[in-house]
Colleague: 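I am attaching a structure below and will ask some questions about it afterwards.
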Amino acid sequence: MRALVLEKLYDWSKIPYQKFLKKNNAWNIKISTLLNYPKDTLGNGLGLFITKHNFELQDKLESHDVFHVLTNTGITVPEEVSMQFYLMGNGKRSLYLYSVVFLGLLLYPDYFKTFKKAYYRGSKALQFHQLDFLKMLHLPIQKIKTTFLIS
């Protein structure tokens with residue numbers, strides 16, 4: 001039930017968030033293009049992630065899926081909340097992030113230790129949340145993770 005609450009809130013907020021709050025440009029890239037990047041690159045890893053989970057690229061929200069790839073975070077609701085804690089630890093600040101963190105703590109108090117660990121891991125990594133990942137699609141995932149101390 002609590003996962004359903006957060007999923008519905010996401011569904012209701014996604015379009016206004018994309019339209020009014022996200023100022024970046026959409027990548028305008030196809031999944032097939034991502035999959036054509038060399039193996040183990042960010043582009044290929046992103047294409048595989050999207051394909052594996054039967055997702056589509058969301059305009060202006062492409063970096064969100066990159067965060068999944070780089071942090072090896074799953075897609076369950078507690079894992080999504082955990083990733084937001086990781087990003088908060090990494091220095092990301094946004095109303096949306098704070099909303100997810102607040103609601104995640106409210107609805108998943110039993111995951112507090114998991115969220116705390118994610119925050120700590122994010123704080124140990126060099127800031128990467130603000131990078132232009134579109135320009136990094138050709139880079140090996142492991143090189144990005146090593147460079148920014150992403151665990």
Colleague: For the atom pair NE2 (His129) and CZ (Arg93), what is the distance rounded to the nearest 0.5 Å?
Modeller: 7.5 Å

Colleague: Using ring pair (Phe, Tyr, Trp, His ring centres under 6.0 Å) as the criterion, point out the one residue from Phe148, Phe133, Tyr86 that pairs with Phe67.
Modeller: Phe133

Colleague: Please report the shortest heavy-atom distance between Lys145 and Leu70, naming the atom on each side.
Modeller: CE-O, 3.2 Å

Colleague: Could you state the interatomic distance from OG1 (Thr51) to CG (Leu34), rounded to the nearest 0.5 Å?
Modeller: 8.5 Å

Colleague: Do side-chain atoms of Asn90 reach the backbone of Gly122 as a donor and acceptor pair under 3.5 angstrom?
Modeller: yes

Colleague: Report the distance from atom CG of Asn72 to atom CE of Met83, rounding to the nearest 0.5 Å.
Modeller: 11.5 Å

Colleague: With heavy-atom distances below 4.5 Å as the criterion, would you say the side chains of Ile75 and Phe55 are in contact?
Modeller: yes

Colleague: Kindly compute the distance separating CG (Leu137) from NZ (Lys135), expressed to the nearest 0.5 Å.
Modeller: 11.5 Å

Colleague: Counting distance only, does the side-chain N/O of Ser123 pair as donor-acceptor with the main-chain N or O of Tyr120 below 3.5 Å?
Modeller: yes

Colleague: Search all heavy atoms of His138 against all heavy atoms of Thr41 and return the closest pair with its distance.
Modeller: O-CG2, 3.4 Å

Colleague: Classify the angle between the aromatic ring planes of Tyr108 and Tyr111 as parallel (below 30°), tilted (30 to 60°) or perpendicular (above 60°).
Modeller: perpendicular

Colleague: Let me confirm one number: the OG-NZ distance from Ser63 to Lys92, rounded to the nearest 0.5 Å.
Modeller: 7.5 Å

Colleague: Can you name the closest pair of heavy atoms from Leu57 and Glu62 and give their distance?
Modeller: CD2-CG, 4.1 Å

Colleague: If you look at every heavy atom in Glu56 and Ile31, which pair is closest and at what distance?
Modeller: CA-CD1, 4.4 Å

Colleague: Quick one: CE on Met136 to CG on Leu46, what's the gap to the nearest 0.5 Å?
Modeller: 12.5 Å

Colleague: Check the pair Leu107, Val81 against side-chain contact (heavy atoms from CB on, under 4.5 Å), reporting the backbone distance first and the verdict last.
Modeller: CA-CA 10 Å; Leu107 295 172; Val81 173; over 6 Å; no

Colleague: Considering all heavy atoms of both residues, which atom of Asp65 and which atom of Phe49 are nearest to each other, and what is their separation?
Modeller: OD1-CE2, 3.5 Å

Colleague: Would Phe85 and Arg121 satisfy side-chain contact (heavy atoms from CB on, under 4.5 Å), going step by step from the backbone distance to the final call?
Modeller: CA-CA 9 Å; Phe85 271 90; Arg121 283 180 37 235; over 6 Å; no

Colleague: Compare every heavy atom of Ile141 with every heavy atom of Gly45, then report the nearest pair and how far apart it is.
Modeller: CA-CD1, 3.9 Å

Colleague: Run the numbers on Leu42 and Leu139 for side-chain contact (heavy atoms from CB on, under 4.5 Å), then give the verdict.
Modeller: CA-CA 6 Å; Leu42 182 59; Leu139 295 174; 5.5 Å; no

Colleague: Take His64 and Gln84 through the test side-chain contact (heavy atoms from CB on, under 4.5 Å) and record every step on the way to the result.
Modeller: CA-CA 10 Å; His64 179 85; Gln84 295 304 315; 3.7 Å; yes

Colleague: Give a yes or no answer on whether the side chain of Thr147 reaches the backbone of Lys143 with a donor-acceptor pair at less than 3.5 Å.
Modeller: yes

